[in-house]
Amino acid sequence: AALREGYERFDPRAYLRNNYLPPRADFSSEEFVVPWKLRCLAETFASGEIRGRTLIDVGSGPTIYQLLSACDHFEEIVATDYLAVNREELGRWARGEPGAFDWSPFIQHVCKIEGRGEPWQDKERRLRDRLRRILPIDVHRPDPLGSPLSPPADALLSAFCLEAVSPDRAAFARALLHVGSLLRPGGHALLLGALGESFYLAGPARLPVVPLALSDVRAALAGAGLTLRQLRSYAMPPALRTGVDDVDGVFFAHAQK
Ligand code: SAH
């Protein structure tokens, strides 16, 4: 209930400013956190192994950076979020409406690290074409979308959501089990998330976060029937500890159901 109340005050623009503008979104060096996240995703999708009809992104929030490498490998991308304000923010970007957040530096950077010489506008168009559904979701329900995804997703992605909506490690593990049910057997799961974080700010909202260690991520994946393929971590440099949260680092996990 406390979490739900916190999210009623979540301000998407403040969240975007805190996390997706400099200093965190600084593309001049790979030492910054946003380029690190984009590289994890670009390298993982570069294998060509993770592909199919549908990829579902759980707790998309107001952001699309996490879909930029993914969108080349799926016919449809399903974005989801609990909050209408975030789904509206995403819709504005998908429709190319004025006032939408400017993701072009992210798209340019991903085209650069993917190294195929693709014009960034082509990737932007492809993601907009493929982002056909933006659905409400609640990861605390065994059936997070309210009805099963049919057919189930070929891949599942979730960035900075499960730990940011769970009061404790048990709830985090349960939420992962719930969202894992959206994935077909054999499907790939990619998780990005915060390590050792206890809160983050989004305008007037101060959201509690369950502080995770890498061992918690490993245990939750195993408990959800997901076999770990790769686990990486990043230590938040002092210059990026800006007071918008108390995050120690970031993990990236690739697992398979
Ligand atoms: N994926 C984005 C946003 C993460 S912020 C990024 O990488 O930055 C956490 C998100 O979880 C918010 O968008 C919030 O609206 C969403 N959320 C809050 N409660 C939720 C719930 N019960 N189920 C699913 N998502 C929830």
Side-chain angles (χ1 to χ4, degrees), residues 1-21 24-25 33-38 40-41 55-70 77-91 93 101 103 106 110 127 131 134-146 149 156-168 171-182 189-195 197-210 212 234 236 240 244-245 247 250-253:
L3 271 157
R4 239 191 310 276
E5 257 171 56
Y7 276 103
E8 280 167 24
R9 287 188 287 277
F10 184 96
D11 175 354
R13 300 305 289 207
Y15 178 76
L16 289 167
R17 198 178 326 115
N18 292 349
N19 295 288
Y20 300 105
L21 286 178
R24 290 187 174 184
V33 62
V34 164
W36 185 84
K37 296 196 257 182
L38 294 173
C40 287
L41 293 164
L55 175 139
I56 186 164
D57 178 35
V58 169
S60 307
T63 76
I64 60 94
Y65 74 91
Q66 68 276 25
L67 306 173
L68 291 168
S69 288
I77 304 285
V78 181
T80 65
D81 202 76
Y82 179 73
L83 290 180
V85 284
N86 284 333
R87 299 195 300 271
E88 286 156 13
E89 187 71 42
L90 279 183
W93 181 83
F101 189 75
W103 292 104
F106 292 68
V110 171
L127 178 53
L131 186 55
I134 303 174
L135 305 178
I137 193 164
D138 182 352
V139 301
H140 300 310
R141 293 199 312 225
D143 197 2
L145 295 173
L149 194 61
L156 173 83
L157 178 62
S158 189
F160 302 91
C161 173
L162 303 181
E163 70 282 8
V165 305
S166 299
D168 52 37
F172 171 80
R174 273 198 307 276
L176 186 60
L177 189 67
H178 298 159
V179 301
S181 72
L182 302 169
L190 301 176
L191 288 184
L192 274 166
L195 292 171
E197 184 178 54
S198 74
F199 79 94
Y200 74 102
L201 304 177
R206 185 184 192 278
L207 294 314
V209 180
V210 55
L212 294 179
Y234 168 90
M236 194 59 90
L240 300 190
V244 299
D245 55 41
V247 72
V250 176
F251 70 87
F252 172 72

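Ligands are counted one by one from 1 in listed order, and the atoms in each one are counted from 1 as well. Numbers here simply count residues along the sequence, with the first being 1.
- Judged by distance alone, the side chain of Ser198 and the main-chain N or O of Val209 form no donor-acceptor pair under 3.5 Å.
- With Thr80 as reference, Leu135 is the one residue of Leu135, Leu182, Ile134, Val179 to meet the side-chain contact (heavy atoms from CB on, under 4.5 Å) rule.
- The shortest heavy-atom contact between Ala202 and Ala14 is C-CB, 3.8 Å.
- Near Leu83, meaning under 4.0 Å from one of its heavy atoms, ligand 1 places the atoms 15 (O).
- Across Val210, Leu207, Leu212, Val247, a single residue satisfies side-chain contact (heavy atoms from CB on, under 4.5 Å) together with Glu197, and that is Val247.
- With distances taken over non-hydrogen atoms, the option nearest atom 26 (C) of ligand 1 out of Phe10, Tyr82, Tyr20, Tyr65 is Tyr82.
- Nearest heavy-atom pair across Val139 and Pro144 is CA-CB, 4.3 Å.
- Between Phe160 and ligand 1, no pair of N/O atoms sits closer than 3.5 Å.
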Is there a ring pair (Phe, Tyr, Trp, His ring centres under 6.0 Å) between Trp36 and Phe252 once you walk through the steps? CA-CA 10 Å; Trp36 185 84; Phe252 172 72; 7.1 Å; no
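- Around atom 22 (N) of ligand 1, the closest heavy atom drawn from Leu207, Leu162, Asp138 belongs to Asp138.
- Closest heavy-atom approach to atom 17 (N) of ligand 1 within the set Val179, Val165, Asp57: this belongs to Val165.
- The proximity of Asn86 to ligand 1, defined as any non-hydrogen pair under 4.0 Å, is limited to the side chain.
- Nearest protein heavy-atom neighbour of atom 14 (C) of ligand 1: Tyr7 CE2, 3.5 Å.
- Every N/O-N/O distance between Cys161 and ligand 1 stays at or above 3.5 Å.
- Contacts with ligand 1 closer than 4.0 Å are made by side-chain heavy atoms of His140 only, the backbone lying farther away.
- Only the side chain of Thr63 comes within 4.0 Å of ligand 1, judged by heavy-atom distances.
- Within the 4.5 Å cutoff, side-chain heavy atoms of Leu127 are placed close to those of Trp93.
- Interface atoms of ligand 1 facing Gly59, defined by a heavy-atom separation under 4.0 Å, are 1 (N), 2 (C), 3 (C), 4 (C).
- Atoms of ligand 1 lying under 4.0 Å from at least one heavy atom of Gly61, given by number and element, are 3 (C), 13 (O).
- When heavy-atom distances to ligand 1 are checked against a 4.0 Å cut-off, Ala175 has no atom that comes that close, whether in backbone or side chain.
- Contacts between Asp81 and ligand 1 below 4.0 angstrom, taking non-hydrogen atoms only, involve the side chain exclusively.
- For Leu38 against Phe106, the heavy-atom pair with the smallest separation is CD1-CD2, 4.3 Å.
- Applying the 6.0 Å contact sphere to CZ of Arg141 captures more than 12 heavy atoms from other residues, nucleotides or ligands.
- By the 4.0 Å heavy-atom criterion, Asn19 is excluded from the residues contacting ligand 1.
- Ranking protein heavy atoms by distance to atom 24 (C) of ligand 1, first place goes to Val139 CG1, 3.6 Å.
- Near Ile137, the atoms of ligand 1 lying under 4.0 angstrom from a non-hydrogen atom of the residue are 23 (N), 24 (C).
- Close approach of ligand 1 to Tyr200 is summarised as follows: ligand atoms under 4.0 Å from at least one heavy atom of the residue are 5 (S), 9 (C).
- Put simply, the side chain of Ser166 reaches to within 4.5 Å of the side chain of His140, judged on heavy atoms.
- Of all the heavy atoms in Arg87 and Tyr82, the pair that sits closest is NH1-O, 3.3 Å.
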Could you check Thr63 against Tyr15 for side chain to side chain contact (heavy atoms under 4.5 Å, CB included), going step by step and ending with a plain yes or no? CA-CA 10 Å; Thr63 76; Tyr15 178 76; 4.2 Å; yes
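- Looking from atom 2 (C) of ligand 1 to the surrounding protein, the closest heavy atom is Ser60 O, 3.2 Å.
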